[in-house]
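Just below is one structure, and these are the notes that go with it.
In each ligand, atom 1 is the first atom listed, and ligand 1 is the first ligand listed. Bear in mind the structure is a predicted one, so any value in this text is a computation, not a measurement.
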Amino acid sequence: MTDQVSATIQKRIDDNWQAVCDQVDAACCSAGRSREDVTIVGVTKYVDAAMTQALVRAGCHDLGENRPQVLWQKAEALADPSIRWHLIGHLQRNKSRRTVPLLHRLHSVDSLRLAQTVSENSAELGQSTSCLLEINVSGDQQKHGFDPTQIDQILPALIALPALKIVGLMGMASFDRPDHDPAVDFAALAALRDRLTATTGLPLPELSMGMSGDFEAAIAHGSTCVRIGSRLFEGVR
Ligand SMILES: *Cc1c(COP(=O)(O)O)cnc(C)c1O
């Protein structure tokens with residue numbers, strides 16, 4: 001069990017969630033896309049379990065964490081089967097076995113070795129894990145993710161893994177170049193997806209891209225999953 005937040009904080013989180021939903025609706029509308037095609041993953045890495053639970057109460061059931069240990073702790077503390085957990089940060093291979101059974105989706109497959117481990121651990125559980133390949137589409141030095149120029153070569157080995165279900169790509173706009181237009185990176189990720197689908201025949205329907213500051217541009221470029229943190233916790237942290 002977790003502590004409850006105050007009514008004032010709950011109200012603010014309810015309002016933030018509603019505002020983000022409204023903006024995602026509007027972005028889908030201007031992009032001529034269906035609202036059902038875009039999932040909002042609420043990124044809870046900034047807040048404790050009580051505040052995370054308040055976001056669920058507000059109506060957000062897809063939650064993203066970037067650190068596996070925190071995901072373990074919150075999954076246990078909240079123990080809520082309505083929550084779909086997404087790992088959006090780097091997974092070290094020695095943390096895979098404990099993480100895999102908790103996940104709805106892994107957004108951050110960033111090496112063949114990790115993919116092999118996740119597939120092995122999934123097979124042990126008799127399940128298949130839904131995954132996205134993280135692509136370092138902006139080429140930022142400090143980011144994880146496959147080099148977009150090398151993914152063609154690695155993809156056949158990834159596809160061959162029996163208990164890894166690759167459903168799409170994940171990427172982030174550049175942090176290195178502050179005046180850079182995020183739309184350039186989103187368009188590049190979407191184009192890469194189209195090319196990989198064409199060359200391998202593997203449908204890659206999911207594109208996890210867009211955060212608090214750039215989700216509108218991501219939706220305009222085909223995002224199916226926006227990962228939003230800061231905006232949901234404005235005024236409460
Ligand atoms: C923190 C984080 C987010 C959310 O970022 P905000 O700008 O706070 O919305 C999204 N994706 C990843 C991978 C993150 O680490």
ILVMFWY cluster, Trp72 and Val100 together (side-chain gap under 4.5 Å): yes
Backbone N/O of Leu207 and side chain of Thr224: donor-acceptor pair under 3.5 Å: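 Confirmed, Thr224 side chain pairs with Leu207 backbone.
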Side-chain donor-acceptor contact under 3.5 Å, His86 with Asp62: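 There is such a pair (donor and acceptor under 3.5 Å, judged by atom type) between the side chains of His86 and Asp62.
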No-hydrogen, no-angle side-chain donor-acceptor test under 3.5 Å, Asp140 and Ser174: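 Their side chains do contain a donor-acceptor pair, which is all the 3.5 Å distance test asks for.
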Can you pull out the closest protein heavy atom to [atom]? Residue, atom name and distance to 0.1 Å, please.
{"atom": "atom 10 (C) of ligand 1", "answer": "Met211 SD, 3.4 Å"}
{"atom": "atom 9 (O) of ligand 1", "answer": "Ser212 OG, 2.6 Å"}
{"atom": "atom 14 (C) of ligand 1", "answer": "Lys45 NZ, 3.0 Å"}

At less than 4.0 angstrom from any non-hydrogen atom of [X], what atoms of ligand 1 do you find?
{"X": "Ile228", "value": "9 (O)"}
{"X": "Ile88", "value": "11 (N), 12 (C), 13 (C), 14 (C)"}
{"X": "Tyr46", "value": "1 (C), 5 (O), 6 (P), 8 (O)"}
{"X": "Arg227", "value": "4 (C), 9 (O), 10 (C), 11 (N), 12 (C), 13 (C)"}

Under-4.0 Å salt bridge between Asp152 and Arg195: yes
Salt bridge present between Glu134 and Lys143 (N-O < 4.0 angstrom): no
Gly229-ligand 1 polar pair, N/O distance under 3.5 Å: yes
Exercise: identify the closest heavy-atom pair between Val137 and Leu189: CG2-N, 3.8 Å
Within-shell test, Phe215 vs ligand 1, heavy atom, strictly < 4.0 Å: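 Heavy atoms of Phe215 never come under 4.0 Å of ligand 1.
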Ligand 1 versus His107: contacting region, heavy-atom distance under 4.0 Å: neither
